[in-house]
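Following this message is one structure expressed as structure tokens.
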Amino acid sequence: MAGFFDNVSSGEMSAGEVNELQKALAAGYGTDSSQFTGGRALIPENLESEVVNVVAQLKEDCKVMNSVKKTPVRSTVHEVNLRTGHGDYRHLSVAEGGASIDTDQSLERKTFAMKYLQTRRSVTKQMEAAETFEGALASEKLAGVETIIKGAEYQCFHGDSTIVPTEFDGFLASIKKANAADQNIINLKGSTLGNYGEKIFDEIAAMVRGKGGFLDKALFPTVLAKDIKEIFADKQRYLMNNPIPNLSFKTIPDYGTAIGANIALSGEEAGDDMFFEVKGEVVAEGDTTRRPAAPASVTASASGSGSSFTANDAGDYMYTVHAVNQYGISAGTSIAAAVTVAAGNKVALTITPGSGVAATGFIICRSKKDDTKVMEMDKVANSGSATTVYEDTNDELPGTASMIFLPKKRFQPVYTFGQLLPACTFPLAPTNTAETPFLVMLYGGLEVRAPKHCGLVKNISYNGGLY
């Protein structure tokens, strides 16, 4: 290129032409779709940089999506091979010159279905043309990304593909669906964390350690933060950067367990999460034209033995059932009168779906003993038959909260977010209205690969709940 522009003044190329050529060589790639015509507007726009910014802004609210490792996925069903054992380590000794035995690692194949989060957004041409405090289109894209990230965060806790098939399984569903031998679940049976005491951290850590795991952090609904803080209230905490001894602490400290695991209870990766919800009151919500109709009828009968209803639990209970699908939750249908439960009884609820839009599952709400106020207790999938039967054994309590305990780092990730498609926009064809419509999309799902290395404490009493 040396000397190529040396003779521009001699008439070989005008100054304007040189300027245009230099711009062409240095301008880079155009990124504004509104400046292109034809097919350019149909190219999806990757929003990964916006995702990074949004997650950074929401790091205190969306702690899972802020910290979870993203694993690229290239199929709608992601298959992984997991090492579940290294071989027999107890019988390796041999005589001098003796033959060695064969040892083999144990492998387990697991599959995870990718799910698709999408939201449709649009901006009118008038707003695009108007001079506002920020670009209307950019603002709408950012809002769409925030919606997607919050939706993914919510599903990381409460997603359940059995109840809503378009959702991926979150931590709660993954732990509860694991084989019984791989479950680490402690049932507080309606007790508060304060009454149960800090031994809960030692017990869940030891339970997971017995299966080869090592817990590092806990996640819980915001309403439990006060109870957890009060566990440490009688302990002296010093601020190391304060020259004057101070008996207060800025955040909930890590808990050092008896087995050596330090469980983080606050910070950017642990502590309370805005989208980890308690089992509270259920109301009708979602798209009224697409959500299912309320159940036509719900009946209850108590009988049998072998349940977790004790003599102290004997009494009258009310039940209400809501239908659910991917578009929303129906109004509730209650039983005609309270059902009387004796010690050991099981309560069979028979649910008849309503006509119209089909439900994929049902939310079971119940009162505590001898009360009428009901809150969420459990969920059950629609059987697809004329009726769906749910059996209440008092193992799940309504109006309670849960805590999830997780590791941070292992040689193989215990949990990861499989990402088939990073957050991006996809332009839609405009109609005869003056607007720019587009989708914001994120395809993927949480993959809890080793639930035996995770822990769950359930049926925790919280302020405002039923127990």
Side-chain angles (χ1 to χ4, degrees), residues 158 160 162-164 172-173 175-178 180 183 185-191 277-283 292 294-324 329-354 359-402 456-462 464-467:
H158 302 290
D160 191 332
T162 302
I163 309 303
V164 180
L172 292 173
I175 293 171
K176 291 180 179 180
K177 291 179 182 180
Q183 291 182 355
I185 301 177
I186 295 178
N187 187 350
L188 258 58
K189 301 179 180 179
S191 174
E277 298 180 355
V278 298
K279 293 191 287 188
E281 294 186 63
V282 179
V283 297
S297 66
V298 180
T299 60
S301 61
S303 62
S305 61
S307 77
S308 297
F309 283 102
T310 67
N312 289 333
D313 299 316
D316 294 339
Y317 292 85
M318 281 297 300
Y319 290 85
T320 298
V321 177
H322 298 256
V324 62
I329 302 171
S330 77
T333 300
S334 302
I335 59 176
V339 59
T340 301
V341 182
N345 276 175
K346 300 175 183 178
V347 179
L349 289 181
T350 302
I351 307 164
T352 302
T360 56
F362 301 98
I363 301 175
I364 313 298
C365 299
R366 198 194 80 186
S367 69
K368 64 180 181 180
K369 181 180 72 172
D370 299 329
D371 202 355
T372 57
K373 185 176 183 179
V374 299
M375 289 188 178
E376 178 184 348
M377 179 178 67
D378 205 358
K379 297 176 182 178
V380 63
N382 187 345
S383 67
S385 302
T387 60
T388 295
V389 177
Y390 172 84
E391 189 175 72
D392 179 14
T393 61
N394 207 38
D395 187 57
E396 296 291 337
L397 296 183
T400 56
S402 298
L456 170 64
V457 178
K458 68 177 186 177
N459 293 333
I460 306 169
S461 173
Y462 67 88
L466 293 183
Y467 288 85

Closest approach of A331 and P295, non-hydrogen atoms and distance?
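So the two residues come closest at O-CD, 4.2 Å.
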
Identify, with sequence neighbours excluded, every residue that meets side chain to side chain contact (heavy atoms under 4.5 Å, CB included) alongside E396.
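Testing E396 for side chain to side chain contact (heavy atoms under 4.5 Å, CB included), a comparison that skips the adjacent residues, returns K176, K279, M377, D378, K458, N459.
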
Min side-chain heavy-atom separation D313-K369 under 4.5 Å
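No. Closest side-chain heavy atoms not under 4.5 Å.
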
If I compare all heavy atoms of D371 with all of M318, which pair ends up nearest, and what's the gap?
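For D371 and M318, the tightest heavy-atom pair comes out as O-CG, 4.1 Å.
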
Which distance, rounded to the nearest 0.5 Å, do you find between the CG of L188 and the OG of S402?
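Separation between the atoms: 10.0 Å.
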
Which atom pair, heavy atoms only, marks the closest approach of A314 to A342?
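Minimum heavy-atom contact is CB-CA, 4.2 Å.
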
For the residue pair A323 and A359, what are the closest heavy atoms and their distance?
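Minimum heavy-atom contact is CB-CB, 3.7 Å.
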
side-chain hydrogen bond (donor to acceptor under 3.5 Å, both in side chains) between T162 and K177: does it pass, once the steps are laid out?
CA-CA 10 Å; T162 302; K177 291 179 182 180; 2.8 Å; yes

Donor-acceptor contact below 3.5 Å, side chain T360 vs main chain I163
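Pair found, side chain donor or acceptor close to backbone of I163.
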
Closest approach of K368 to Y317 (non-hydrogen atoms, all atoms of both residues):
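Looking at all heavy atoms of both residues, the closest pair is C-CE2, 3.7 Å.
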
With side chain to side chain contact (heavy atoms under 4.5 Å, CB included) as the test, pick out the partner of D395 among T393, L397, D392.
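So the option named by the test is T393.
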
Rounded at 0.5 Å granularity, tell me how far OG1 in T400 sits from CD in E376.
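One finds 9.0 Å between OG1 of T400 and CD of E376.
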
By the side-chain hydrogen bond (donor to acceptor under 3.5 Å, both in side chains) test, which pairs, at least two apart or in different chains, include something from residues 297-307?
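Those involving residues 297-307 are S297-T352.
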
Which heavy atom of Y462 sits nearest a heavy atom of G399, and at what distance?
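The pair with the smallest heavy-atom distance is CE2-O, 3.2 Å.
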
From CD1 (I185) to CG (L172), nearest 0.5 Å:
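So the gap between those two atoms works out to 9.5 Å.
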
For the atom pair CZ (F309) and CG (N394), what is the distance rounded to the nearest 0.5 Å?
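Going from CZ on F309 over to CG on N394, the span is 4.0 Å.
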
